[in-house]
> 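Sharing a structure with you now.
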Amino acid sequence: MDLNKYASFSLKDFLEDDDFVNSIINTSKEDSLFFAEMLLHYPEKKEDIETAESLIHNYRKQDTFLNEDRQAEVWKRIEAEARPVKQAKVFSLLKLMRVAAAVLVVGLGAFTFWYNQQQNFSTTFGEIKTVVMPDGTTVLLNGNSSLSYQRGFGKNPREVWLKGEGLFKVIHLNKNPANIKPAERFIVHCNDLNIEVLGTTFNVNNRHNKINVGLITGKIKVTANNVKKAAPSLILAPGDYVEYATKKVVLKGKLAHPERLANWSKRQFVFANEKLKNILKTLEDTYGYQIKYTNAAAMDMEIEGEINVTGVKELLETISASLHVSIYQNENQIIIN
Amino acid sequence: MPKTEETLSLWNLFKQGDWEAYTEIYNQNFKILNNYGHKFTRDVNLIEDAVHDLFIKLWTNKDNLATPVSVKNYLYKALRNIIFRKMQSQSRFTEIEDEYPFSFEVSFDDIVISNEKEKELQDKIKSVIKTLPPRQQEIIYLRFYEGFNYPEIAEIMNINASSTYKLLYKALNNMEVALKASKLAIIWVLFCEFHQNHKIL
């Protein structure tokens, strides 16, 4: 580095000089040598150099906002939106195959294997499927959902596992509802929530670590799987709904129109005073649309009154007209401006 | 701070669709991007949304992205643009006279300094910085805190190289004037003289 130029430097010149500033910001050995040499050459510059150095050092002692706590959370959002779907499917398929292989290796008897093997039913985005189980119970699966049960279903308490959304019509086995034998029970497992059915029609929505249960007819008992202590169960009567997140009740109430819980089965969209983002979430979850938006504020806008439409196209038209936003649909993408 | 070659090879992997590399770029830059964003707004949701949008955009456009001279520089520029756009759309109904209608605020509130002289200097810096226009504050920050060089700053702030020199010159000039006007300058002179005398004795 050329030292001669520093002969006529003022405080401001030092602060403007790339070499000088870099030597203070990234103190490496080479730089501090450079520094020492300069002081040797220009002892009269000591004050300016020291002031400049002290100014930079002290300016750099400032508050930081690193937002570390939110790093994982924000990444989850990015991952959910950007991660290639194909890759994820292959991955889970591989995982599933590995599990299946492991079961084989363990080498349980062929019958036991058959008996315990899971029956899996799943739907892709936008697909609705009816699953009729051995006992006559029907489950209507909404898009992007899966239901599984053991092949030996019906001998013991009937147990099913649900991800996504399903509308259950459970067949009674018990003659006397006041006295239900263990073998007559019907249990829906959702992550860490169990729904015990006492003969009934009800809707379960198990997505995004939130489980929403709404009862249309009959009676169900909802229990969170709590490792530490037995969580109190909730008995739902027709029209009741309850929402769980991380094993806790976050919402509880009475539905004005419980029969509307089944609206999705007719591909009907019903929303009342709903925020735009929640409406779009439904499209994302059950139909697999990718939602893109340029205006974050618009996502919080609420559509006043009630929307009751059939079909995605009609829904988008309604949103566009009532919120004065332009919506473009390009195959799998919905773009909102 | 990872080396430039490392970040660039990471960048190239990411451009080929490597999810791990993409994750790593996020993890390396999340904190500094939040810190930079926080200078423009205290709206944490907005900053997070901007970082989110930035990374979504990166992934969707990865095939068309060039290889930047510095990844950090590229991310800062992109984040700044997104934040500006978001803030502009938020304040759509308020008048915007300036092309830079946002504040740029560096805070020193949480820093504890035990040394009296340093504390005095810190207070002075604080009050001087506050009087500078936002653009000058930003350039001081990019230069002295982040250590970006002139071409990089020009790129981030979307101005040409000579404007960058002029802007920093102006900012430093304002600082110098303010510092000189203060008693502190005198204290400094005395302090240094004392030092020199001390040595002579």
Side-chain angles (χ1 to χ4, degrees), chain A residues 10-19 21-22 24-26 43-44 46-52 54-84 87-88 91 290 292-300 333 337, chain B residues 17 19 22-23 26-27 30-32 34-35 37-39 42 44-49 51-53 55-56 58-60 85-86 89-90 92 106-111 113 118 121-122 124-125 129 140-141 143-145 147 149-150 165 168-169 172-173 175-176 179 185 188-189 192-193 195-196:
Chain A
S10 68
L11 170 61
K12 193 168 73 226
D13 296 327
F14 279 114
L15 288 172
E16 265 188 292
D17 184 66
D18 258 348
D19 294 332
V21 173
N22 288 340
I24 288 170
I25 295 176
N26 335 298
E44 73 277 12
K46 190 173 189 293
E47 183 201 323
D48 282 339
I49 290 171
E50 281 178 350
T51 311
S54 165
L55 275 175
I56 294 173
H57 276 313
N58 275 287
Y59 175 75
R60 287 165 63 83
K61 280 183 202 151
Q62 52 177 256
D63 300 343
T64 53
F65 171 77
L66 304 177
N67 208 10
E68 272 166 301
D69 299 346
R70 300 276 304 152
Q71 185 165 344
E73 201 58 39
V74 175
W75 178 249
K76 263 191 214 154
R77 272 172 63 203
I78 295 170
E79 201 174 18
E81 215 169 303
R83 181 147 214 176
Q87 203 179 324
F91 180 69
Q290 275 194 332
K292 299 255 151 93
Y293 55 88
T294 47
N295 184 358
M299 300 303 281
D300 278 311
Q333 279 195 344
N337 286 319
Chain B
W19 184 262
Y22 175 61
T23 313
Y26 172 83
N27 286 331
F30 178 82
K31 296 187 196 74
I32 56 171
N34 272 273
N35 194 39
H38 202 244
K39 304 285 179 275
R42 296 289 132 107
V44 176
N45 284 332
L46 191 147
I47 301 168
E48 283 174 8
D49 283 349
V51 173
H52 165 268
D53 291 3
F55 277 88
I56 292 295
L58 277 185
W59 186 257
T60 7
R85 229 177 298 130
K86 280 188 186 293
S89 76
Q90 264 187 0
R92 207 189 322 196
V106 173
S107 137
F108 299 91
D109 299 338
D110 298 341
I111 306 298
I113 294 167
E118 289 232 318
L121 183 62
Q122 183 88 51
K124 195 65 228 167
I125 290 174
I129 291 284
I140 297 253
Y141 173 83
R143 182 73 192 103
F144 296 107
Y145 188 86
N149 60 31
Y150 288 89
Y165 283 103
L168 188 69
Y169 181 84
L172 290 175
N173 208 37
M175 271 184 72
E176 198 184 34
L179 277 174
W188 259 101
V189 172
C192 295
E193 265 176 10
H195 252 252
Q196 275 171 354

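Keep in mind it's a predicted model, so treat the numbers as computed, not measured. The sequence lines fix the lettering, A, B, ..., with proteins before strands; numbering per chain opens at 1. For the numbers below, each heavy atom of this structure counts, side chains included, while hydrogens, waters and symmetry mates do not.
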> Are side-chain heavy atoms of A:Leu55 and B:Leu121 found at a separation under 4.5 Å?
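A side-chain contact exists here, since the closest heavy-atom pair is under 4.5 Å.
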> Any side-chain heavy atom of A:Lys292 sitting closer than 4.5 Å to one from B:Thr60?
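The answer is yes, as the side chains (C-beta and beyond) meet within the 4.5 Å cut-off.
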> Quick one: are A:Asn67 and B:Lys31 in side-chain contact, heavy atoms under 4.5 Å?
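Side-chain contact under 4.5 Å: no.
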> If you count heavy-atom pairs within less than 4.5 Å of chain A, which of B:Leu58, B:Thr23, B:Ile129 leads?
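Looking at each of B:Leu58, B:Thr23, B:Ile129 in turn, B:Thr23 comes out on top.
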> Does the pair A:Leu66 and B:His38 meet the rule for a side-chain contact (heavy atoms from CB on, under 4.5 Å), with working shown?
CA-CA 9 Å; A:Leu66 304 177; B:His38 202 244; over 6 Å; no
> Can you say whether B:Leu46 sits under 4.5 Å from chain A via the side chain, the backbone, both, or neither, judging by heavy atoms?
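Contact with chain A involves no heavy atom of B:Leu46 at all.
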> Is the closest side-chain heavy-atom distance between A:Gln71 and B:Tyr26 below 4.5 Å?
yes
> Taking the side chain as everything from C-beta on, heavy atoms only, tell me whether A:Gln62 gets closer than 4.5 Å to B:Lys39.
yes
> Rounded at 0.5 Å granularity, tell me how far CG in B:Asn35 sits from CG in A:Asp63.
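So the CG of B:Asn35 and the CG of A:Asp63 are separated by 9.5 Å.
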> Under 6.0 Å from the CZ atom of B:Phe108, do we count more than 12 heavy atoms belonging to anything else shown?
yes
> Assess, by modelled atom type and distance only, whether the side chains of A:Lys12 and B:Asn173 contain a donor and an acceptor separated by less than 3.5 Å.
yes
> With chain A, which of B:Tyr165, B:Phe55, B:Tyr150 has the greatest number of heavy-atom pairs at distances under 4.5 Å?
B:Tyr150
> Show the numbers, then the answer: is there a salt bridge (Lys or Arg N to Asp or Glu O under 4.0 Å) between A:Arg77 and B:Asp53?
CA-CA 10 Å; A:Arg77 272 172 63 203; B:Asp53 291 3; 5.4 Å; no
> B:Leu168, B:Asn27, B:Asn149: which one forms the most heavy-atom pairs within less than 4.5 Å of chain A?
B:Asn27
> Say you draw a straight line from CG of A:Asn22 to CZ of B:Arg143; how long is it, rounded to the nearest 0.5 Å?
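If I round to the nearest 0.5 Å, the distance is 5.0 Å.
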> So what's closer than 4.5 Å to chain B heavy atoms on A:Ile56: side chain, backbone, both or neither?
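When you check distances to chain B, only side chain atoms of A:Ile56 fall under 4.5 Å.
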> Please look at A:Glu79 and chain B and tell me whether the side chain, the backbone, both or neither of the residue comes under 4.5 angstrom of a heavy atom of that chain.
both
> Can you list the residues that meet the salt bridge (Lys or Arg N to Asp or Glu O under 4.0 Å) rule with B:Glu48, with sequence neighbours excluded?
A:Arg70
> Tell me, do B:Val44 and A:Phe65 make a side-chain contact under 4.5 Å, heavy atoms counted?
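With C-beta onward as the side chain, the pair touches.
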> Indicate yes or no: at least one non-hydrogen side-chain atom of A:Ile25 is less than 4.5 angstrom from one of B:Tyr145.
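Not in contact.
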> So which part of B:Asn45 gets closer than 4.5 Å to some heavy atom of chain A, the side chain, the backbone, both or neither?
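Contact with chain A is absent: no heavy atom of B:Asn45 under 4.5 Å.
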> Can you find a heavy atom in the side chain of A:Asn58 that is under 4.5 Å from one in the side chain of B:Ile125?
yes
> Give me the ring orientation class for A:Trp75 and B:Trp19: parallel if the planes are under 30° apart, tilted from 30 to 60°, perpendicular past 60°.
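Ring orientation of A:Trp75 relative to B:Trp19: tilted.
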> Kindly indicate, with the supporting measurements, whether the criterion side-chain contact (heavy atoms from CB on, under 4.5 Å) is fulfilled by A:Ile78 and B:Tyr22.
CA-CA 11 Å; A:Ile78 295 170; B:Tyr22 175 61; 3.3 Å; yes
> Could you check B:Val106 against A:Tyr59 for side-chain contact (heavy atoms from CB on, under 4.5 Å), going step by step and ending with a plain yes or no?
CA-CA 9 Å; B:Val106 173; A:Tyr59 175 75; 3.6 Å; yes
> Between B:Ile140, B:Asp49, B:Val51, which residue shows the highest count of heavy-atom pairs closer than 4.5 Å to chain A?
B:Ile140
